[in-house]
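Here is the structure we will look at.
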Protein chains: 2
Amino acid sequence: MQGLTELLKGSLEGIVLQHIGHGETYGYEITHYLIDLGFEDIVEGTVYTVLLRLEKKGLLTVERRKSAVGPQRKFYQLNAAGEAYLQEFWTKWDFLAQKMTQLKED
Amino acid sequence: MQGLTELLKGSLEGIVLQHIGHGETYGYEITHYLIDLGFEDIVEGTVYTVLLRLEKKGLLTVERRKSAVGPQRKFYQLNAAGEAYLQEFWTKWDFLAQKMTQLKED
DNA sequence: TCCTCTACATTGTTTTACTATGTACCAGTA
DNA sequence: TACTGGTACATAGTAAAACAATGTAGAGGA
């Protein structure tokens, strides 16, 4: 789906965190995962800026390791702060989603 | 609920449009409606910028009328373009919400 | 050698919402 | 009359988030 750009603002961070929470991963994989999910417009640059931001906030642990098929990968995992942040994100999301449903239906 | 700022980016426009779609209204009323809905952080300035943006996009019809209790009010209504835009918005929102649920649950 | 896919990164721009502030009208009251 | 509080709109400046464009570089295959 296209044109989700503006709506995605604010959610993308949570989406990326949630995916990392499913298991260690790296930027390039995340990008393609998001595109496969249906966020066609997502480009690599966007994902990397999100990752660097999350890293800067201290929500991720990072480890560089070699890949068999290309340059080194930067593997990310959630740390405790990341888990907490993710939980908070879902609380906010659930609130918003509930309000949106309410708005839409009445 | 507080701290929704970032999540709200992209949704606020749709929320305001949807509310206007329920019937003619004006900025001050919208602001208080949103706060009552639970978006405590919303301030007047934000709502007015959204309204001016929507107006500039040609999605609203505008009419100034006197109020019994204060200065003139600027009443907004959705026009055809606004209706179409709102429908598009909900399509995108539904897509995002569905993906978020999917993400959260697996 | 050249191309493609993999992989990360940065610089600059646009969009969106917030902060702060200002203007102004009206009613009640001291 | 002067002051206060509620109503109502508006704008200038700032911060955050995502995008666009671009660059670097490794590995494998034609």
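All chains are named by letter (A, B, ...) in the order of the sequence lines, taking the proteins before the strands, and each is independently numbered beginning at 1.
- For the residue pair A/Glu29 and A/His19, a side-chain donor N or O sits within less than 3.5 Å of a side-chain acceptor on the partner.
- B/Gln77 contributes atom CD, which lies 9.5 Å from atom CG of B/Leu60 (distance to the nearest 0.5 angstrom).
- To the nearest 0.5 Å, atoms CD1 (B/Ile20) and CG (B/Leu78) are separated by 6.0 Å.
- In this structure, A/Glu13 atom CD and D/dA18 atom P are separated by 6 Å, rounded to whole Å.
- By the 4.5 Å heavy-atom criterion applied to side chains, A/Lys104 and A/Met100 are not counted as neighbours.
- Rounded to an integer number of Å, the gap from A/Lys66 NZ to D/dA25 C1' is 16 Å.
- Shown for residues 76-94 of chain A: no residue has heavy atoms falling under 4.0 angstrom of DNA chain C.
- B/Thr5 comes within contact range of the sugar-phosphate backbone alone, with a heavy-atom separation under 4.0 Å but no base atom that close.
- When rounded to the nearest whole Å, the span between CZ of B/Arg64 and C1' of D/dT7 equals 14 Å.
- The nearest heavy atom of DNA chain D to A/Pro71 and to A/Arg53 marks one nucleotide each, and the one closer to the 5' end goes with A/Arg53.
- Side chains of B/Met1 and A/Thr91 form a contact here, defined as non-hydrogen atoms less than 4.5 Å apart.
- Using a 4.0 Å heavy-atom criterion, one finds that B/Gly27 contacts the sugar-phosphate atoms exclusively.
- When the C1' atom of D/dA8 is taken as reference, atom CD of B/Gln72 falls 10 Å away, rounded to whole Å.
- Around the CD atom of A/Gln87, the shell of radius 6.0 Å holds no more than 12 heavy atoms that belong to other residues, nucleotides or ligands.
- At a threshold of 4.5 Å between non-hydrogen side-chain atoms, the residues B/Val16 and B/Tyr76 do not count as touching.
- Here the closest non-hydrogen pair linking A/Glu40 and A/Ile35 is O-CG1, 4.4 Å.
- OP1 or OP2 of D/dA8 lies within a sub-4.0 Å distance of a side-chain N or O belonging to B/Ser67.
- OP1 or OP2 of D/dA10 has not a single side-chain nitrogen or oxygen of B/Tyr48 nearer than 4.0 Å.
- The nearest whole Å value for the distance from the CD atom in A/Glu6 to the C1' atom in D/dA16 is 12 Å.
- Taking atom CG of residue B/Leu52 and atom C1' of nucleotide D/dC9, one finds them 9 Å apart after rounding to whole Å.
- Two residues, B/Lys9 and B/Tyr26, neighbour DNA chain D, and the one matched to the more 5' nucleotide by heavy-atom proximity is B/Tyr26.
- Positionally, the nearest nucleotide of DNA chain C for A/Val69 lies more toward the 5' end than for the other of A/Gly45 and A/Val69.
- Protein chain A contacts DNA chain C over a range whose 5' and 3' limits, counting nucleotides with an atom under 4.0 angstrom from a non-hydrogen atom, are C/dT6 to C/dT16.
- A salt bridge links A/Arg65 with A/Glu24: at least one charged nitrogen is closer than 4.0 Å to a carboxylate oxygen.
- Going from atom CD1 of B/Ile35 over to atom C1' of D/dG6 covers 14 Å, rounded to whole Å.
- In summary, the side chains of A/Tyr85 and A/Glu13 do present a donor paired with an acceptor at a separation below 3.5 Å, with no hydrogens or angles considered.
- Backbone-only contact: B/Leu12 has heavy atoms under 4.0 Å from sugar-phosphate atoms and none from a base.
- We find that CG of A/Leu7 is positioned 16 Å from P of D/dA17, with the value rounded to whole Å.
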